[in-house]
Amino acid sequence: MATGSISLAKAMWHGFRGKCPNCGRGHLFGRFLKVADACDRCGEELFHQRADDFPAYLVMVVVGHLVVPAILAVETAYAPPVWLQLAVWLPVTLFASLALLQPTKGAIVGLQWQMGMHGFEASKSRREAGQLAPVLVKASRAA
Ligand SMILES: [Zn+2]
């Protein structure tokens, strides 16, 4: 597959879907939140990502801004017992956070990749020069 210029939105969408930001077909994640060293389809190096805690902060902000107003609205309208509020909103918060964490991290890795942040700088200049990604090099993790 030719490595043309991939837009930021497309790279982040690929990452959001858990796919390689470069080809959109290979797997971005080895495990739940463990980013693969390289794409299993196109060989694009992915271990340069430095998403760190940022996806978790984003998820907390988004889920918090959805769940807290919902709790307040239900409390104002129906004033249900506290145990009922907890029984509903704790699992909602937990599952919403778990569901959003991997797509959010994928989108952030896509953003870092497309913008050439951190170690992705070399692959960005390689893309801009129209050269192909190195074929499945088992990168030793230097971190
Ligand atoms: Zn790929």
Side-chain angles (χ1 to χ4, degrees), residues 1-77 80 82-143:
M1 183 183 177
T3 55
S5 61
I6 289 162
S7 72
L8 180 60
K10 198 170 183 181
M12 289 181 72
W13 174 241
H14 286 164
F16 189 85
R17 289 170 41 239
K19 300 296 179 187
C20 163
N22 187 44
C23 66
R25 290 180 300 157
H27 294 95
L28 179 56
F29 293 98
R31 278 179 283 138
F32 179 48
L33 291 176
K34 173 88 172 69
V35 175
D37 282 346
C39 173
D40 53 12
R41 285 291 189 90
C42 70
E44 183 71 18
E45 292 176 340
L46 300 169
F47 65 92
H48 299 296
Q49 63 84 20
R50 292 286 179 271
D52 297 328
D53 293 341
F54 187 49
Y57 292 129
L58 280 182
V59 168
M60 282 191 285
V61 167
V62 169
V63 173
H65 279 83
L66 295 175
V67 168
V68 171
I71 292 173
L72 294 176
V74 169
E75 181 64 35
T76 308
V82 172
W83 68 264
L84 185 57
Q85 286 270 48
L86 290 174
V88 171
W89 296 112
L90 285 181
V92 166
T93 305
L94 179 70
F95 288 116
S97 303
L98 288 175
L100 281 173
L101 209 44
Q102 194 191 55
T104 305
K105 182 164 183 174
I108 296 302
V109 172
L111 176 135
Q112 294 179 338
W113 175 85
Q114 203 278 344
M115 298 185 76
M117 295 165 77
H118 315 294
F120 288 126
E121 201 178 331
S123 77
K124 185 177 172 71
S125 28
R126 192 175 56 240
R127 288 198 303 278
E128 286 170 352
Q131 294 165 348
L132 292 171
V135 183
L136 288 171
V137 182
K138 259 293 179 211
S140 57
R141 293 183 66 86

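Every number for a ligand or one of its atoms is a count from 1 in the order of the listing.
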State the NZ-CG distance between K105 and L28, to the nearest 0.5 angstrom.
9.0 Å
Name the one of L58, L33, V63 that satisfies side chain to side chain contact (heavy atoms under 4.5 Å, CB included) with L101?
L33
Backbone N/O of I6 and side chain of Q114: donor-acceptor pair under 3.5 Å
yes
Using a distance threshold of 2.8 Å, what protein N/O/S atoms lie below it relative to the Zn ion (ligand 1)?
C20 SG, C23 SG, C39 SG, C42 SG
So, the side chain of Q112 versus the backbone of M117: is there a donor-acceptor pair under 3.5 Å, distance only?
no
Kindly compute the distance separating CH2 (W13) from CG (L8), expressed to the nearest 0.5 Å.
14.5 Å
Rounded to the nearest 0.5 Å, what's the gap from CG on D37 to CD on Q49? Could you check?
10.0 Å
